[in-house]
There are 2 protein chains.
Amino acid sequence: MAPTSETLTAERILEATEEVLRRHGPAKATVVDVARALGVSHGSVYRHFRTKAALREAVTKRWLDRTSGQLSGIVAADRVPEDRLREWLAALFAAKRRKAGEDPELFATYTVLTDENGTAVSEHITDLETQLTRIIQAGVETGDFAATDPEASARAVFQATGRFHDPCYAREWEEPGTEADFAAVVDLLVQGLRRTP
Amino acid sequence: MAPTSETLTAERILEATEEVLRRHGPAKATVVDVARALGVSHGSVYRHFRTKAALREAVTKRWLDRTSGQLSGIVAADRVPEDRLREWLAALFAAKRRKAGEDPELFATYTVLTDENGTAVSEHITDLETQLTRIIQAGVETGDFAATDPEASARAVFQATGRFHDPCYAREWEEPGTEADFAAVVDLLVQGLRRTP
DNA sequence: CGACTGACAGATATTGAAATCTGTCAGCTG
DNA sequence: CAGCTGACAGATTTCAATATCTGTCAGTCG
């Protein structure tokens, strides 16, 4: 975190902002703090981001994109679609639960950020639903799934599993029985997707 | 709201409290306000409810019980289990959405109350899940549903439809496409419950 | 005697003055 | 001249003094 004399870039500002958010939390993280962490005046930060809100939104996007990236590998995996679907949902749940459990304060920070950036979140959700659509589409092609509208089914699966990935349920993810609940919901949804012979 | 000279009863206090909450909102509703509305000293209120928290919890319970009561009729209806299930879920969604849409401030007030009364909410959810269990159990008996554990299936159905009854999603209930999303999730779940011939 | 009151101590909320922050921009600097 | 600085106006937040509230209880009243 030394105020190196490298040129000031959007990337460096975003890294410093994440650090300041980690240290001070979402309420007390100011752009003056970010500038101080970089050893520049806060005016320089405004050269790269028009407003504080824009800066926070960029940080939010980065964070959400990292999550999407982690899951995209599973979509392309060489497995039966049903297994890919189960694995994808399990990975989404596991990733969220790990983040919430390991560093609750940081998770709370990002929850605040996502709450104030509806647009970035919508794009992220669209992204995840697209990944799900691909898996279900693959299942339709192999004949394992019977979905007349894979996109709508993907949306339904995503919404129906909200309890296991939406941050508003984070405090319940460590309660006993959650694993079983997750399995029951996924089983029900997979059963609903299957082609009925 | 005249300070009648009827005897002071828990029931009257609860009614006055609801009125004060409606008027002032959850943050500014004090037990002094409640006492003033009843024309008594606040000490008298403490004769019926040990703490302010207990009073608020009692109000919350009343409100939640009214919702449960509205749905219980559907459970006993004389219909095919699948239709009863669909109707019950639709009624739950409709009731929540109507409350949130008609008087958003009052709905927000009760959302705050439920947030601070985890116990009352848990009991309410157990109650609703029991109603769902009965419907699914009936479906198993008629052979329409294939559930090895109706209680677990009921829990899964309730959790999977959270997006359409959990207050944390209230602001999204009026967005276009919500009806279709609801239908898609319910169809998927019902399909998952059906006995596969 | 049992239901109610009102004064009280400690906890919580409100308020307004002072401090800090956001966003701009004229001017400095390499 | 492109990138940065720092002073500035208006908006927002902080903080401490002040007011209100919660919960108790000795005492009043019918």
Side-chain angles (χ1 to χ4, degrees), chain A residues 1-60 105 108-109 112-113 115-117 119-120, chain B residues 1-60 105 108-109 112-113 115-117 119-120:
Chain A
M1 289 312 101
T4 67
S5 51
E6 290 170 50
T7 44
L8 187 59
T9 166
E11 186 62 23
R12 284 188 65 218
I13 293 174
L14 289 175
E15 264 157 33
T17 307
E18 283 188 358
E19 178 61 21
V20 169
L21 281 165
R22 203 170 286 125
R23 268 214 193 0
H24 299 356
K28 293 205 229 171
T30 74
V31 355
V32 171
D33 288 332
V34 173
R36 186 164 31 234
L38 289 162
V40 299
S41 87
H42 73 282
S44 301
V45 174
Y46 280 97
R47 178 159 299 281
H48 292 83
F49 296 93
R50 275 210 309 293
T51 65
K52 182 189 187 184
L55 174 57
R56 286 165 81 106
E57 187 181 354
V59 170
T60 309
E105 282 194 42
T109 292
V112 170
L113 287 185
D115 278 347
E116 66 191 33
N117 284 301
T119 309
Chain B
M1 288 312 102
T4 67
S5 51
E6 291 169 49
T7 42
L8 188 59
T9 165
E11 186 62 23
R12 285 187 65 218
I13 293 174
L14 288 176
E15 264 156 33
T17 307
E18 283 187 0
E19 178 61 21
V20 168
L21 281 165
R22 203 171 285 126
R23 268 212 192 2
H24 300 353
K28 294 204 227 172
T30 72
V31 354
V32 170
D33 289 330
V34 173
R36 187 164 30 235
L38 288 162
V40 299
S41 86
H42 74 281
S44 301
V45 173
Y46 280 97
R47 178 160 299 281
H48 296 265
F49 296 93
R50 274 210 312 292
T51 66
K52 183 189 186 183
L55 175 57
R56 286 164 82 105
E57 187 181 355
V59 170
T60 309
E105 282 195 40
T109 291
V112 170
L113 287 185
D115 278 346
E116 66 190 34
N117 284 302
T119 308

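Just so we're on the same page: letters track the sequence lines, and every chain starts at 1.
For the pair B:Tyr46 and A:Val40, nearest-nucleotide mapping onto DNA chain D gives the more 5' position to A:Val40.
Side-chain proximity of B:Lys52 to the nucleotides D:dT22, C:dG23, D:dT5 is greatest for D:dT22. Checking D:dT22, D:dT14, C:dG6 against every side-chain atom of A:Lys28, the shortest atom distance belongs to D:dT14. Among the nucleotides C:dT24, C:dT5, C:dC21, the one closest to the side chain of A:Val32 is C:dC21. Nearest to the side-chain atoms of B:His48 among the listed nucleotides D:dT22, C:dC4, C:dG23 stands C:dC4. Checking C:dG23, C:dT22, D:dC4 against the side-chain heavy atoms of A:Arg47 singles out D:dC4 as nearest.
Rounded to whole angstrom, the span from the CZ atom of A:Arg36 across to the P atom of C:dT22 amounts to 11 Å. Per the geometry, CZ belonging to B:Arg56 stands 13 Å off C1' belonging to D:dC21, to the nearest Å. What separates CD1 of A:Ile13 from P of D:dG3 is a distance of 12 Å, to the nearest Å. Across the protein-nucleic acid pair, A:Asp33 atom CG and D:dT13 atom P stand 14 Å apart, rounded to whole Å. Per the geometry, CD belonging to B:Glu116 stands 14 Å off P belonging to C:dT12, to the nearest Å.
Side-chain atoms of A:His42 and base atoms of C:dG23 include a donor and an acceptor less than 3.5 Å apart.
Between atom CD1 of residue B:Ile13 and atom OG1 of residue B:Thr9 there is a gap of 7.0 Å, rounded to the nearest 0.5 Å.
Formation of a donor-acceptor pair under 3.5 Å by the B:Asn117 side chain with backbone atoms of B:Leu113 is found in this model.
Among the protein residues, A:Ser44 comes within range of the nucleic acid bases, having at least one heavy atom under 4.0 Å from a base atom.
With respect to the salt-bridge test (charged N to carboxylate O, under 4.0 angstrom), the residues B:Arg12 and B:Glu15 do not qualify.
For B:Glu11, the CD atom sits in a packed shell: over 12 heavy atoms of surrounding residues, nucleotides or ligands are nearer than 6.0 Å.
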